[in-house]
Amino acid sequence: MALLKQGQLYTLPALVLFVIVSVTLLSLNPSTMCEATAARRSTDEAESYNKYYNYADLTRLLKSLAQKYPHIANLSSVGQSAQGRELWVMRITQNAAADVPGKPKVKYVGNMHGDETVSRQVLVYLVEHLLTRYGEDLRVTELVNNTDIYIMPSMNPDGFEKSVEGDCRGENGGRENAKNIDLNRSFPDQFDTINVRNEDIPEVVAVIKWILENKFVLSGNLHGGTVVASYPFDDSPSHDPEGHYSRSSDDALFRHLALTYAQHNPVMRTGDPKCPDSPQEKFKDGITNGAEWYDVSGGMQDYNYLKGNCLEITMELTCCKHPPAAQLQTEWDNNRESLLAYMEQVHIGVRGYAREAGNGTALSDVRIEVTGINHNVTTGKFGDYYRLLLPGTYNITASAPGYLPLTVVGVQVVEGKPTELNFTLAPVTEETPPPTTASTPAVPTTPSGGSGETPASNGSTAHTVAPEQQPLQPQDFRHHHYSDMELFLRRYSTDYPTIAKLYSIGKSVENRELYVMEISDNPGVEEQGEPEFKYIGNMHGNEVVGREVLLNLIEYLCRNYGSDPEVTQLVNNTRIHIMPSMNPDGYEVAQEGDIKGYTGRNNSNNFDLNRNFPDQFVSISDPRQPETIAVMNWMSNHHFVLSANLHGGSLVVNYPYDDNAQGVKAYSQSPDDAVFKMVSLAYAQGNPLMKAGKPCAEIYPSEFFPDGITNGAGWYSVPGGMQDWNYLNTNCFEVTIELGCIKYPLAKDLPMYWEQNRRALLQFIHQVHRGVKGTVMDSKDGTGISNATITVAEVDHPVTTNKAGNYWRLLVPGTYQLTASARGYTPVTVYATVPEEGAEVVDFRLTRVRSEETGPAEEEFQRFIKELSSERGLDRLLQSTATQSSFRYRPYIELSEFLRGLTYNFPKITRLHNLGRSWEFRIIWALEISNKPEEEEPAEPKIRFVGGVHGNAPVGTELLLEFAAFLCINYGKSPALTKLIDNTRIVILPLVNPDGRELAQEKHCTSTVGQTNAHGKDLDTDFFGNASQHYLEVQPETQAVKGLILEKGFALSVALDGGSLLATYPYNKPVQPVENEDTLKYLASVYANNHPTMHLGRPGCPNSQVENIPGGVLRAAEWHSHMGSMKDFSVDFGHCPEITVYTSCCLFPAADQLSLLWAENRKSLLSMLVEAHKGVRGQVKDKSGKPIEGAMIVLNGGVRVFSNEGGYFHALLAPGAHNIEALAEGYQQQRKEVFVSSYEAASSIIIEFDMDNRIFGLPREFVVATAAASMTALVVTACIIWCVCSAKSNRQKDGFHRLRQHRDDYEDEIRLTSMGSKKSLLSHEFQDESESEEDTLYANKL
């Protein structure tokens, strides 16, 4: 006998000795020994899958795992068994110790029958799988992040202790609990009376309490004895022993759930378990109705369904109840995929929240009813509910005592993902008596797309739609000047915080905010499958009707949400953005009563904003205005699908194009002309006066617009218009709507304008839900593909996916050929039919094209980076990390102690470097963080963070110190952060100018004290690489940092400074051309986009020299132009891109602001770690596989990087296609084209060099052949000349050539020549020079 453990073989005597020693130690100090064993088991010993865990083993293991993974695991007991053993439950989810809304609860219960033991073990393995794979496996990570998982490995620990390994039929006991009660016959039953005393079934009592206290959504009860998935009901009213199909109201859904488990189990799905005790027993598709198999009263799965919110099935895993432990590995392999796939089903159907109208309070215990299905669920304490449903169309009602019920008709449920449906219930008041609700018998129906099973009717009732209430109309009709409008918007944002969010996209010339109100069920959140829509008003300041009706619309949507079905549906399914005024400055000078004037039309700089956008036909020479820039940035940061720009002066909907190449009045058709007509008609038909087509007869008697719509250029040419720019540069379809003939009507007429337009305003929003929509996904991991292109055959206007891979493509009804494509993927083409109403859902799964072979580890890491780059990837990472922080400004001595403290506490991942000293001999420290800081790992990207170049701006220093602590503390705790550190070399230089820092003073926001070093030098003007440029002495601080920069190998550098809120990129040099500007600008934008406000481009700093910064990013020379900057030196001589981030307006803010600044910047700092893994990377080798160090990699013909000692190189590049040239001395030049994605890790490429056999730039073979041919030709030519000359000399005599008359003469000549006779030589010496005449004579003789 031998025991195999961690690669070592232990003999039986050694094992016995080990046991004796262990028992002795336990007797001395059992608690210490148990803890040590658990720690060793959790950290050193891999799961062997070859033994059963008894109660003590199970307890130790679960406690160890909970201790090791505290951020996602929480162990608790729901009660005790009859013999006092704990009923352990491991909760696995993000923030496992807290209850948070938005995550459905799923549970597994095993070992209910103590002798059915495989379930106990596979659930232990499942716990280990989820915990150890979290952060590494994308599927597991998403499941844990989005699901509240509860796993009870053993409900009957007493029975397990009694059972015997190898007992397949349960003959040795253990099935029942210690009181000899079958726990699966002891739950309350709908068709039978269960007579069991509670004191005999403490396990059941505890589980019932657990079920009722938690609103579980889905559950699995794992058993043994055969291989099948059984679903409710387990018994029937007649209690026939077998063969009676007892159907639940959710029968089709239960069969789907059971099939999900069975089809992923290789034995179960056959339907033929081949159990020795019942070899003839077969189950179609591996599933069965419980009562049809055999009648079971008092079962747990029926109780879950009838008394909890929970749908539960029973899984029988093995024919043998307690098989030998050697079989456990096989059973885990058979069930692992089923266990995961089943849990994922908790994310189907409909989910959402129930809230009280008015104050948005969450409502618990609201009943959610689905018409035609006699089974309701209720909301939890956060007002959340989860109703599992098959794909189809449903009518769903929410009702609660004291509130008016609300029914939403036609709810679409699609396959594989939940439909969001929120309810806002209005309380019943004395003024509004509760409506009489019509009730009808629940008719058995099958939802469309369902399985065809018909739920049984038992005469119960379900509510239908209450009598229609009239929506509340706006009451606030007046002209709102800027201050009045601002208060109005703030009031509605405050009164309706659950659906309304006020934000600003920028400022006007006169610094008025450009406000936008977002109205959605989750404002500020980009939800899966929810399109974004916008209205913009008052672009021309004196055209005011649009401004006022949009304020009316905000009031209408807020006040009617939850009570009016149309408003509720629009708000729940659309992100609606409303900008009442794009030109608030112009409005303030406009005058009421203006019919067709121009006062206030333009902005404060006197530019027409609707002539200020880039144009496809005309070059717009006017300077881009702040309002225009703000709107362009806004549109670039949102994935708008449909938009309308509201104007005044006529009554018509005007659609693209607005101009043409000729600049004349003529119809200018866009590729989507039919779509634009469709959405334009939708608005015009909602406004009867507009539809008539002849609106302003008194002012413009000749104008006529058929059906109330017109092509823009067909009306008149408008170059530089906003609607065309939307269509050509974003995914957004925009039209311009003229709302009335009078530009600034009297206030008394405003109710009339609302009444004319309210139906049209709503109807136009509905149009965003037309056409096709869906998700473009990676076929392998299911993640969305950002920036994929959707093209429609014969329509020359593609749209692209957002960051989550979602797309929306407006189309008129019809059948279309759609193609989804993305760089690095094989395109997919399908046909889709767009219905008359609504949108067709078309998802695409694209298969990646691999240009190089990629190993499993690299593929896994690429999935990891892709996950972090997704819409919420970094947010999820931050949620999994410890957040406790302590902020204060640290003087130099404390800073040094802090850095040393990190190395003392985290010696395995940190290393402190002394780069040099300042003028006053303070050490300039650099902290390296890596999993192997003492070793060179040339394949890993290096990233540099630098702070404190200016001593009077210490925020960057403190942020970097906190960042270092954050990384170290969470290493080993957060799997995602651990993996990031394991694959990156991070160098943090927190303080370049320690001398200046000692002089600076807190709360001095603009002081220059401490800006320079002790020698009075601004260090950011001291970085020069050429002595001819720099005649002054190099500062010691500069010299220290230059040494770090010139180490090379850095892929990215980020410097933190203060005094504004923006990110800048090289160059600071005023006239320096920027070869790779796209890349540098992109890197700066990544930082800004992950900052909550920087990307808005409005620093808002006092005395700011620049406002309305596009995307919060500027070229450094546009911000502070000077020579000798650190970032310029890094690019030119360190071959490393560097950006400078200005983190706050105040150079030295109060210490109590540091926590806020950290919260604002930590996501951006992490984004830089992720970004360091993108771009292009690879290795340069020769034909023999030897790495080539120092090879030059030229990017796009300009930027150069060099391979390091392992031949590795890494360069960051902006997303898109790039050309790479590789050069190395003695080798042939190599070229490659690569594509860089904004959300994927750099794919590794191999550049293999051939020896350079070229001569004079030509191939060696060609040169040798040419040389050989040339030499041959020269030899032949020389021989011919020699022969001719020799012949001439032999024929010469006294100045005359002798004519050859006989063959013998030739032979003599040849013989004499070959002998080299003196005669031959002398003949040349005395040869007559008059060859031309002799030749003539010779020729004549011949």
Side-chain angles (χ1 to χ4, degrees), residues 892 895-896 899 912-928 942-957 960-961 987-1000 1008-1050 1052-1059 1064-1070 1072 1080 1116-1117 1119-1142 1147:
Y892 172 76
L895 177 146
S896 299
L899 292 173
L912 195 58
H913 299 268
N914 177 345
L915 300 182
R917 291 181 180 269
S918 68
W919 265 99
E920 296 181 348
F921 298 100
R922 294 181 175 92
I923 295 175
I924 298 171
W925 297 109
L927 180 72
E928 182 173 355
K942 289 174 67 176
I943 181 171
R944 187 173 67 239
F945 293 94
V946 183
V949 174
H950 295 127
N952 63 333
V955 170
T957 297
L960 291 182
L961 292 175
V987 177
I988 296 177
L989 200 172
L991 184 56
V992 176
N993 184 4
D995 300 348
R997 167 64 184 86
E998 294 298 294
L999 298 175
T1008 59
V1009 176
Q1011 178 178 344
T1012 63
N1013 71 348
H1015 201 241
K1017 182 67 176 179
D1018 184 338
L1019 297 179
D1020 201 39
T1021 64
D1022 195 49
F1023 286 84
F1024 291 93
N1026 190 323
S1028 64
Q1029 294 177 282
H1030 187 51
Y1031 302 101
L1032 300 177
E1033 181 182 3
V1034 177
Q1035 303 301 301
E1037 299 90 345
T1038 309
Q1039 197 65 48
V1041 178
K1042 286 171 71 173
L1044 178 66
I1045 293 173
L1046 293 174
E1047 279 184 13
K1048 297 188 170 63
F1050 284 101
L1052 175 61
S1053 178
V1054 180
L1056 302 186
D1057 209 335
T1064 65
Y1065 60 91
Y1067 284 96
N1068 280 109
K1069 303 173 188 177
Q1072 177 74 24
L1080 297 168
W1119 176 243
H1120 286 151
S1121 177
H1122 61 86
M1123 304 295 289
S1125 79
M1126 183 171 65
K1127 70 168 72 66
D1128 292 4
F1129 182 86
S1130 178
V1131 171
D1132 287 339
F1133 298 96
H1135 306 290
C1136 169
E1138 179 171 295
I1139 63 170
T1140 300
V1141 177
Y1142 296 84
L1147 289 169

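Sequence positions, counted from 1, serve as the residue numbers for this chain. Note: hydrogens, waters and symmetry copies are ignored here, and every other heavy atom, side chains too, is used.
In this structure, a donor-acceptor pair under 3.5 Å is present between the side chains of Asp1128 and Ser1125. Side-chain atoms of Asp1018 and His950 form a donor-acceptor pair, as typed in the model, at a separation below 3.5 Å. Residues Arg922 and Ser896 have side chains that never bring a donor and an acceptor to within less than 3.5 angstrom of each other. Under 3.5 Å, the side chains of Lys1127 and Thr1140 contain a donor-acceptor pair of N or O atoms.
Across every non-hydrogen atom of Ser918 and Pro1036, the tightest pair is C-CG, 4.0 Å. Nearest heavy atoms, Ala1117 versus Pro1070: CB-CA, 4.2 Å. Heavy atoms only, all atoms of each residue included: Leu960 and Leu989 are closest at CD1-O, 4.0 Å. Residues Gly951 and Ala1000 approach most closely at O-CB, 3.5 Å, considering heavy atoms. Here the closest heavy-atom approach between residue Leu999 and residue Gly1010 is recorded as CB-CA, 4.3 Å.
Rounding to the nearest 0.5 Å gives a distance of 7.0 Å between CG of Asn993 and OG1 of Thr1012. Rounding to the nearest 0.5 angstrom, the gap separating the CG atom in Leu899 from the CG atom in Leu912 is 5.5 Å. Expressed to the nearest 0.5 Å, how far SG of Cys1136 lies from CD1 of Ile1045 amounts to 8.0 Å. Asn952 CG to Gln1011 CD: the interatomic distance, rounded to the nearest 0.5 Å, is 5.0 Å. Here CD of Glu920 is found 11.5 Å from NE2 of His1015. Values are rounded to the nearest 0.5 Å. Here Asp1057 contributes atom CG and Thr1064 contributes atom OG1; the two are 8.5 Å apart, rounded to the nearest 0.5 Å.
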Walk me through it: do Val987 and Leu1044 pass the test side-chain contact (heavy atoms from CB on, under 4.5 Å)?
-> CA-CA 10 Å; Val987 177; Leu1044 178 66; 4.3 Å; yes
Step-by-step side-chain contact (heavy atoms from CB on, under 4.5 Å) determination, Phe1024 to Thr1038 = CA-CA 9 Å; Phe1024 291 93; Thr1038 309; over 6 Å; no
Which is it for Glu1138 and Arg944 under the salt bridge (charged side-chain N to carboxylate O under 4.0 Å, His left out) test, yes or no, and what are the steps along the way?
-> CA-CA 9 Å; Glu1138 179 171 295; Arg944 187 173 67 239; 3.3 Å; yes
Give the C-alpha distance, both sets of side-chain angles, the deciding distance and a yes or no for side-chain contact (heavy atoms from CB on, under 4.5 Å) between Leu915 and Trp925.
-> CA-CA 6 Å; Leu915 300 182; Trp925 297 109; over 6 Å; no
After noting the C-alpha distance and the side-chain angles of Glu1047 and Lys942, does the key distance pass the salt bridge (charged side-chain N to carboxylate O under 4.0 Å, His left out) rule?
-> CA-CA 11 Å; Glu1047 279 184 13; Lys942 289 174 67 176; 3.4 Å; yes
For Ile1139 and Leu1080, run side-chain contact (heavy atoms from CB on, under 4.5 Å): C-alpha distance rounded to whole Å, both residues' side-chain angles, the deciding distance at 0.1 Å, then the answer.
-> CA-CA 7 Å; Ile1139 63 170; Leu1080 297 168; 5.7 Å; no
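Side-chain atoms of Trp1119 and Tyr1065, non-hydrogen and from C-beta on, never get closer than 4.5 Å to each other. Taking 4.5 Å as the limit, every side-chain heavy atom of Leu1056 sits out of range of all side-chain heavy atoms of Val946. Looking only at side-chain heavy atoms (C-beta outward), Asp995 and Tyr892 stay at 4.5 Å or farther from each other.
Not one N or O on the side chain of Asn914 forms a donor-acceptor pair closer than 3.5 Å with the backbone of Ile923. With Asp1022 contributing its side chain and Gln1035 its backbone, the two residues share a donor-acceptor pair below 3.5 Å. No side-chain donor-acceptor contact under 3.5 Å links Tyr1067 to the backbone of Val1131. A donor-acceptor distance shorter than 3.5 angstrom exists from the side chain of Asp1020 to the backbone of Met1126, with no hydrogens or angles considered.
In this structure, Phe1129 and Phe1023 have tilted ring planes: the angle between them lies in the 30° to 60° band.
Remark: of the listed residues Leu895, Ile988, Leu991, Leu895 is the sole one forming a side chain to side chain contact (heavy atoms under 4.5 Å, CB included) with Leu961.
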